[in-house]
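Atoms considered below: every heavy atom in the structure, side chains included; atoms not considered: hydrogens, waters and symmetry mates.
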Amino acid sequence: MATVDATLLQDLQSRGLINQMTGDDELVAHLSEEGRTLYCGFDPTADSLHIGSLVPLLTLKRFQAAGHKPIALVGGATGLIGDPSFKAQERQLNTPEVVSGWVDKIRRQVSQFIDFECGENAASVVNNLDWTAEMNVLDFLRDIGKHFAVNNMIHKESVKQRLDREGEGISFTEFTYLLMQSMDFAELHKRDNCTLQIGGSDQWGNITGGVELTRRQHRGKVFGLTLPLVTKADGTKFGKTEAGTIWLDPAKTSPYAFYQFWLNTADADVYKFLKYFTFLSVEQIEGLEKEDAERQGRPQAQGVLAREVTRLVHGDEGLAAAERITEALFSGGIEQLSESDLEQLRLDGLPSTDLPENFGEQSLINVLVDAGMAASGKQVKDALGRNAVLVNGDAIGMDANADPASAFTAERALFGRYFVVRLGKKKYQLFVAG
RNA sequence: GCAGGGGUUCCCGAGUGGCCAAAGGGAUCAGACUGUAAAUCUGACGCGAAAGCUUCGGUGGUUCGAAUCCACCCCCCUGCACCA
């Protein structure tokens, strides 16, 4: 029997990971007594989760480490409906085939964060389609629907803007999402004696719905706990960069790009993120913060954060790859790289492109845009005009635009065929001549 | 179905016949400063290296000229839909 660490909630509290919870002291007692079963849902809204899901995933892991049994629920059913919570607009429905494909991928992703082989409190993954697919409408309306008062539903903060805002509305389908998710909690309570649901702060309404339904249907006492929404000090959305969403899937966001994302965390956010996204103790993090404050210049926190999170998500190999590239590009000096180093960078996920045969006939701007280095030619033009395009360390001016061959010269090539092109301060791409 | 309101460039949001590729803000990109920060300043920001080209839900029309006017259509929202 796994021993229960009664200080779990204190730790979560001090990390700022508790937004709201039901029951307060009752929940504290509930979790201290023995190992409990808890769950968190992940809807398949894309073919991969992104870093927004990392907080709940890691929290499941924290609960497991403290002796509780986590269930990761993949929303094969709820993903077909669409959660309206705090969404400004009705969402486009995805086809069942598409959603079920995503379910498989997300099931695998979720699985890497929790332990399935630790005996007593081994994790499990479930799909809510299993208990909803066969349900008929009348049962749903009589057994589930009857427990919900529309009066309460329309007062939920999560759907308020959809109800109040001029120009928007909500379909019955999405309005029903609350019942679907509530049903999940009641079901897991019945079959696995699950007594706690965790989720993002936007899930509060859905979670309390489940708490009530479980009480009404099974007279069960269950709890809910929400995690904070991850915000940035500058007010911009967390988890996005110029290149788009940061995904957990290494095929969509390379470990290198992932590592760079965390490395670029603002000072104002980094200690908070360390508490959210790593397993370093709060004392360690505070110690680090103190050290950083005392020394001049660049803090070490970002590096610690990047290493810890990259290792959690992409493992030691992914981290090593990310560090190799970073080291080579930002501090090593590319001319010192060996040929095998360059090949390794390519394998490690540094964006790379084969230089087209006829590149000499195109404009340099075209070559770079086609390679995906910039969204439009204007950006490259701007960069060229400011000496912000470097090929193997040499600045390339605007006059090379009409004559790309003058940028990719044989003398400039590393080992006769490699060109590391830098656009701006942080964007690197490897071009390889054929 | 009826009655109202609405659909503008990534987002918000101005613009109601020429001065509009379309104000302003946000986001984003680049430069300076730096720590691959922040703040600040500068430039870019439909596409195109440029000449130029294509836009304001769609299609047609009026006009020398339309995001702006007209017609029809599509989509979204709100209200009504027993008595009427």
Side-chain angles (χ1 to χ4, degrees), chain A residues 84 87-92 154 159 161-171 174 231-246 256-274 289 291-307 322-323 325-334 350 359-370 372-390 395-404 406-407 420-429:
Chain A
K87 300 279 188 325
Q89 290 184 325
E90 182 88 10
R91 280 202 274 169
Q92 193 69 41
I154 59 176
V159 293
Q161 57 172 323
R162 290 282 285 279
L163 259 18
D164 294 349
R165 191 179 172 190
E166 191 76 11
E168 292 301 336
I170 183 168
S171 67
E174 287 198 3
T231 54
K232 296 205 294 177
D234 66 5
T236 58
K237 202 169 156 60
F238 170 76
K240 300 268 185 189
T241 66
E242 69 279 11
T245 305
I246 304 296
Y256 162 66
F258 187 86
Y259 179 89
Q260 284 287 322
F261 168 80
W262 295 103
L263 198 61
N264 282 300
T265 302
D267 293 2
D269 295 318
V270 71
Y271 304 100
K272 180 171 80 171
F273 287 3
L274 279 165
E289 181 166 11
E291 265 183 60
D292 281 341
E294 283 163 8
R295 51 151 58 188
Q296 293 294 321
R298 177 159 211 184
Q300 21 172 4
Q302 279 86 349
V304 174
L305 178 66
R307 273 195 296 283
E323 288 189 310
I325 301 179
T326 298
E327 170 71 15
L329 297 181
F330 291 94
S331 35
I334 38 182
L350 176 67
F359 76 91
E361 298 156 24
Q362 304 177 38
S363 66
L364 180 59
I365 289 176
N366 259 325
V367 174
L368 299 190
V369 170
D370 287 350
M373 285 197 82
S376 80
K378 284 242 171 69
Q379 286 180 10
V380 181
K381 185 192 166 198
D382 186 45
L384 280 172
R386 293 160 180 273
N387 284 328
V389 176
L390 279 72
I396 301 299
M398 192 58 209
D399 44 331
N401 181 41
D403 180 23
S406 72
V420 176
V421 177
R422 183 180 124 184
L423 193 161
K425 259 179 212 156
K426 301 179 192 171
K427 229 173 294 171
Y428 286 91
Q429 188 141 341

Does [X] get its side chain close enough to the base of [N], under 3.5 Å, for a donor-acceptor pair?
| X | N | answer |
| --- | --- | --- |
| Q260(A) | U36(B) | yes |
| N387(A) | G31(B) | no |
| K427(A) | U36(B) | no |

*Which sits closer to the 5' end of RNA chain B, A383(A) or D234(A), going by the nucleotide each is nearest to?*
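The 5'-side residue here is A383(A).
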Name the closest nucleotide to the [X] side chain, picking from [options].
| X | options | value |
| --- | --- | --- |
| M398(A) | G35(B), U34(B), A49(B) | A49(B) |
| K381(A) | C29(B), A50(B), U36(B) | A50(B) |
| L423(A) | A30(B), U34(B), G35(B) | A30(B) |
| R386(A) | A49(B), G31(B), G35(B) | G31(B) |
| K378(A) | A44(B), U36(B), C33(B) | A44(B) |
| N401(A) | C29(B), A49(B), G35(B) | A49(B) |
| A388(A) | G31(B), C29(B), A27(B) | G31(B) |
| T236(A) | C29(B), U28(B), A49(B) | U28(B) |

*Name the nucleic acid region contacted by I365(A), choosing base, sugar-phosphate or nothing; use a 4.0 angstrom heavy-atom cut-off, strictly under.*
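Sugar-phosphate contact only - I365(A) comes under 4.0 Å of backbone atoms but never of a base.
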*Answer with base, sugar-phosphate or nothing: what part of the nucleic acid does S376(A) contact at a heavy-atom distance below 4.0 Å?*
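Sugar-phosphate: the residue S376(A), judged by heavy atoms under 4.0 Å, touches backbone atoms but no base.
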*Heavy atoms, side chains only, cut-off 4.5 Å: are D292(A) and Q300(A) in contact?*
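In contact.
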*Return no unless some side-chain N or O of R298(A) is found under 4.0 Å from OP1 or OP2 of U34(B).*
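Negative; the distance criterion is not met.
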*Distance check: side-chain N/O of K232(A) vs OP1/OP2 of A38(B), anything under 4.0 Å?*
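For K232(A), the contact criterion (side-chain N or O under 4.0 Å from OP1 or OP2 of A38(B)) is not met.
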Take atom [atom1] in [N] and the same atom in [M], then report the distance between them in whole Å.
| N | M | atom1 | answer |
| --- | --- | --- | --- |
| C10(B) | U62(B) | C1' | 35 Å |
| C56(B) | G13(B) | C1' | 13 Å |
| G52(B) | A21(B) | C1' | 13 Å |
| U54(B) | C2(B) | C1' | 40 Å |
| G43(B) | A51(B) | C1' | 23 Å |
| A66(B) | G58(B) | P | 15 Å |
| G7(B) | U42(B) | P | 34 Å |
| C47(B) | A22(B) | P | 14 Å |

*Proximity of Y428(A) and Y256(A) rings by center, below 6.0 Å*: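 Ring centres of Y256(A) and Y428(A) not closer than 6.0 Å.
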Counting only Watson-Crick pairs (N1-N3 plus N6-O4 or O6-N4) and G-U wobbles (N1-O2, O6-N3), all under 3.5 Å, who is the partner of [N]?
| N | value |
| --- | --- |
| G79(B) | C2(B) |
| A67(B) | none |
| C72(B) | G58(B) |

Separation of [N] [atom2] from [X] [atom1] (nearest whole Å):
| X | N | atom1 | atom2 | result |
| --- | --- | --- | --- | --- |
| L384(A) | C29(B) | CG | C1' | 14 Å |
| Q362(A) | A50(B) | CD | P | 17 Å |
| E361(A) | A49(B) | CD | P | 17 Å |
| D382(A) | A50(B) | CG | P | 12 Å |
| L305(A) | A37(B) | CG | P | 16 Å |
| F261(A) | A37(B) | CZ | C1' | 14 Å |
| L263(A) | A38(B) | CG | C1' | 15 Å |
| K426(A) | U34(B) | NZ | P | 16 Å |

*Main-chain N/O of V421(A) paired to Q429(A) side chain as donor or acceptor, under 3.5 Å*: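 No, because the side chain of Q429(A) does not come within donor-acceptor range (under 3.5 Å) of the backbone of V421(A).
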_T326(A) versus Q260(A), closest heavy-atom pair with distance_ =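 Scanning both residues completely, I find the closest heavy atoms to be OG1-NE2, 3.1 Å.
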